[in-house]
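For reference, the structure is listed below as structure tokens.
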Amino acid sequence: MVDISNIHKTYITGNNKLHVLKGIDLKVDAGEMISVMGASGSGKSTLLNILGILDNHDHGEYILNGVRIENLNERKAAMLRNKFLGFVFQSFNLVSFKNAMENVALPLYYQNVKRKKRNAIAMEFLDRMGLKDWAHHLPNELSGGQKQRVAIARALIAKPKVILADEPTGALDSVTSQEVMDILTDINKNENITMLIVTHEHDIAKRTQKTIRITDGMITEIIKN
Amino acid sequence: MFDLDRWQEIYHVLSKNKLRTFLTAFGVFWGIFMLVIMMGSGDGLKNGISQNFGDMATNSVFIWAQQTSVPYKGFTRGRRFDYENADVRALDEAIPEIKYLAPRTNVGGFNGASNVIRGLKSGSFQIFGDYPVFDSIDPVNLLQGRFINELDLKEKRKIVVIGLRVKELLFEKDENPVNQYIQINGVYFKVVGLFKSKRTGEAASFDNQRIHMPFTTCQKTYNMGDAIGFFNITSKDGIQVAIVEEKAIKVLKKRHAISPTDDAAIGHFNLEVEYKKMVGLFLGIRILVWIVGIGTLLAGVIGVSNIMLVVVKERTKEIGIQRALGATPRIVISQIITESVVLTTFSGYFGLTLGVGLLELINYLLDKSGANTEMFLHPGINFNVAITSLAILVVAGAFAGMVPARKAVSVKPIDALRYE
Ligand SMILES: Nc1ncnc2c1ncn2[C@@H]1O[C@H](COP(=O)(O)OP(=O)(O)OP(=O)(O)O)[C@@H](O)[C@H]1O
Ligand SMILES: [Mg+2]
């Protein structure tokens, strides 16, 4: 599903060059659930952003679901993200002026699905997250756990191939974190959606099938859980 | 197609900082408001001044006799002279560019004592002896009867055509003046026509106090001999009346033994030159109005563009989220441009409506108060100008949104997402 080889990424700020990813090779099969661990600044988010086509890599090859990701224009990239990828962020990244339902429906809006239809689908997904009653609330009226569940529903609604989650439980307490992980593992099992989860917590990492350790821009260890 | 999400976003963006939105909108509002008011006032001024011309042929020149200022052919300077009937034919023959040639005489000073009597009523009016062509040079609205004709001229008939004011002062309210008699400086004339000026305001009341009689009748009745008061001449279409003016003065100088270098002997007034000056003035005003108006409008639009830049910057993260979820650059750009167009069009529309409303109010008040509208009449802007300005607004709004919109999609989605 995800196939990268020899990925390099260097950030250039002024006169400083920071070589963040130093040749990453990774193959993730369809339906795999993988966690990524590593020290702060080791390049985990950078890797995930490249996989999410939110950023571009300097060297190497990236093939997503059989599509070679290279020199895409922004229109094509947006369409690939919409079709293949779902994002879950540490800071939730909900759109503040849209209610929970409208947030969840947003990816379908960009597919030109009619408002009535996409809201109905969004309600189904919210229901699965146990948030039906919160559908018409704005994000600032929801708790952190609720927000993250809305974000997960939003990541799922377009039926992506891969979900990329950058510290999805980073802003949540341990109980809520476990609940969010319950949801993610359920989705992985039932829908066979590939998942990459960046985390600092061993409890979280243990619940995935494989843990990849990144040290200083390189994969140094792959652990089967 | 109506897209609720799009409008929700527009509302969110514009209502987030209401004061800022209002001030930005005010810039555009003020620009178009000023444009409308200035254009309307310019038109009002033009209408006001133009009314003094009525339907008068603007390619006309007036020529009258003054005193010589240069001794010539044995005459001393300071000599007075009169034009005479033979001059009419001489001018006609010498100047093929003439379209209408109307010599004129007038009776007495009209500002003096009453010169016209009917029964117990009397009044002081302007009395002219005219050729029938006069009606082609400075037309009037005939209300009743007819104007002077060739037969009147030939037979020196004692008939007159009177203005509306004359009728009001000498006749009863619902009396028909035609075929009635009035006494002018002791002589009876039959009224054959009643007219009303085509001008408005002060100029009209001046016109309506006129009495016209045949030119020949006037000369004979009041013992003027051959003398002509002045000429009113128009040029053929497409020929500058200045050419006719120059030639006519030359002919008249020769015929009346006036030195070719004597510029004071013959009085003349070229209406065309004055008219062109005025037309030029109005064109100038119009150009000025557009420059100032468009400038003000432009300032407003630049304000919109600026605010959109700020808005885009503030919303960087939000736009980043949308792009991560699959919003293409086209969607983002069209959203921002729509916001900009909505802001400019709405505020511009208010400016337009309020400006037109104010002009209408001024119109109404002017009409109602019956104020002297010598200089100002019916301010207003025509429909096309209004539509054009609205179109300009929409286009300007789109342009104002262009730069911010490009900016919004020029950053990488990840940089937008990471923006704090
Ligand atoms: N846009 C950028 N410009 C310059 N340097 C950057 C940029 N983004 C990240 N970096 C640098 O790249 C390195 C890797 O950052 P990254 O966010 O991938 O780390 P991380 O492993 O996700 O760390 P954390 O666990 O703290 O989230 C860091 O040193 C960071 O300072
Ligand atoms: Mg990180």
Side-chain angles (χ1 to χ4, degrees), chain A residues 9 11 45-46 48-57 72-99 101-116 118-119 138-139 151 154-155 157-158 160 164 166, chain B residues 1-18 20-21 308 311-339 342-343 402 404-420:
Chain A
K9 176 75 182 175
Y11 287 117
S45 295
T46 304
L48 216 66
N49 292 335
I50 288 169
L51 293 179
I53 328 177
L54 295 168
D55 204 346
N56 51 324
H57 52 280
L72 295 177
N73 65 26
E74 187 39 45
R75 190 180 81 92
K76 199 83 189 282
M79 276 157 49
L80 284 176
R81 285 194 292 269
N82 185 269
K83 230 167 107 188
F84 289 149
L85 300 170
F87 294 95
V88 180
F89 303 94
Q90 177 176 2
S91 55
F92 320 124
N93 282 349
L94 298 178
V95 177
S96 63
F97 58 90
K98 289 184 179 290
N99 66 29
M101 175 185 73
E102 289 164 339
N103 261 289
V104 172
L106 210 47
L108 296 184
Y109 173 63
Y110 299 128
Q111 291 179 7
N112 290 322
V113 177
K114 287 235 157 53
R115 185 177 168 84
K116 237 196 180 122
R118 65 175 189 260
N119 281 348
L138 290 174
R154 186 177 68 181
I157 196 166
L164 301 168
D166 196 348
Chain B
M1 197 193 74
F2 184 76
D3 181 343
L4 192 63
D5 282 66
R6 177 168 281 217
W7 287 96
Q8 178 194 41
E9 195 162 336
I10 291 170
Y11 175 78
H12 161 73
V13 167
L14 296 182
S15 65
K16 202 155 119 189
N17 192 332
K18 291 199 178 67
R20 183 175 72 190
T21 302
M308 290 314 294
V311 164
V312 162
K313 190 144 184 85
E314 280 177 359
R315 296 185 63 217
T316 302
K317 182 153 190 170
E318 212 164 81
I319 292 170
I321 297 169
Q322 295 181 353
R323 291 173 68 190
L325 297 179
T328 56
R330 226 187 78 174
I331 291 175
V332 175
I333 287 172
S334 81
Q335 173 72 32
I336 291 165
I337 286 179
T338 312
E339 286 160 16
V342 166
L343 184 59
M402 213 91 99
R406 292 247 156 250
K407 201 160 174 99
V409 294
S410 69
V411 295
K412 276 191 290 186
I414 186 59
D415 293 331
L417 268 172
R418 251 203 301 251
Y419 184 84
E420 295 297 334

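Just so we're on the same page: letters track the sequence lines, and every chain starts at 1.
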Starting at [atom1] of [X], measure out to [atom2] of [Y] and round the result to the nearest 0.5 Å.
| X | Y | atom1 | atom2 | value |
| --- | --- | --- | --- | --- |
| Arg315(B) | Ser96(A) | CZ | OG | 8.5 Å |
| Ile321(B) | Lys98(A) | CD1 | NZ | 11.5 Å |
| Arg6(B) | Tyr109(A) | CZ | OH | 5.5 Å |

Task: Closest contact, heavy atoms only, Phe97(A) versus Gln8(B) - done: O-NE2, 3.6 Å

Counting only non-hydrogen atoms closer than 4.5 Å, does [X] touch chain B with its backbone (N, CA, C, O), its side chain (CB onward), both, or neither?
| X | result |
| --- | --- |
| Asn49(A) | side chain |
| Arg75(A) | both |
| Leu85(A) | neither |
| Ser91(A) | side chain |
| Glu102(A) | side chain |

Task: Residue pair Phe89(A) / Leu417(B), side-chain heavy-atom distance below 4.5 Å - done: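 Of all side-chain heavy-atom pairs linking Leu417(B) with Phe89(A), at least one is under 4.5 Å.
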
Task: Residue pair Asn93(A) / Lys317(B), side-chain heavy-atom distance below 4.5 Å - done: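 Sidechains of Lys317(B) and Asn93(A): in contact.
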
Task: More than 12 heavy atoms of other groups within 6.0 Å of Tyr11(B) OH - done: no

Open item on the list: Counting heavy-atom pairs closer than 4.5 Å to chain B, which one of Leu106(A), Leu54(A), Asn82(A) comes out on top?
Closed with: Leu54(A)

Task: Top contributor to chain B interface from Gly86(A), Ala158(A), Ala78(A) [non-hydrogen pairs under 4.5 Å] - done: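 Looking at each option in turn, the highest pair count goes to Ala78(A).
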
TODO: Write out, in numerical order, the residues from residues 324-334 of chain B with a heavy atom short of 4.5 Å from a heavy atom in chain A.
DONE: Ala324(B), Leu325(B), Gly326(B), Ala327(B), Thr328(B), Pro329(B), Ile331(B)

- [ ] Tell me the residues of residues 404-414 of chain B whose non-hydrogen atoms fall below 4.5 Å from those of chain A, in number order.
- [x] Lys412(B), Pro413(B), Ile414(B)

Task: Among the listed options Gln322(B), Glu318(B), Lys16(B), His12(B), the residue most often paired with chain A at heavy-atom distances under 4.5 Å - done: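 Between Gln322(B), Glu318(B), Lys16(B), His12(B), the count favours His12(B).
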
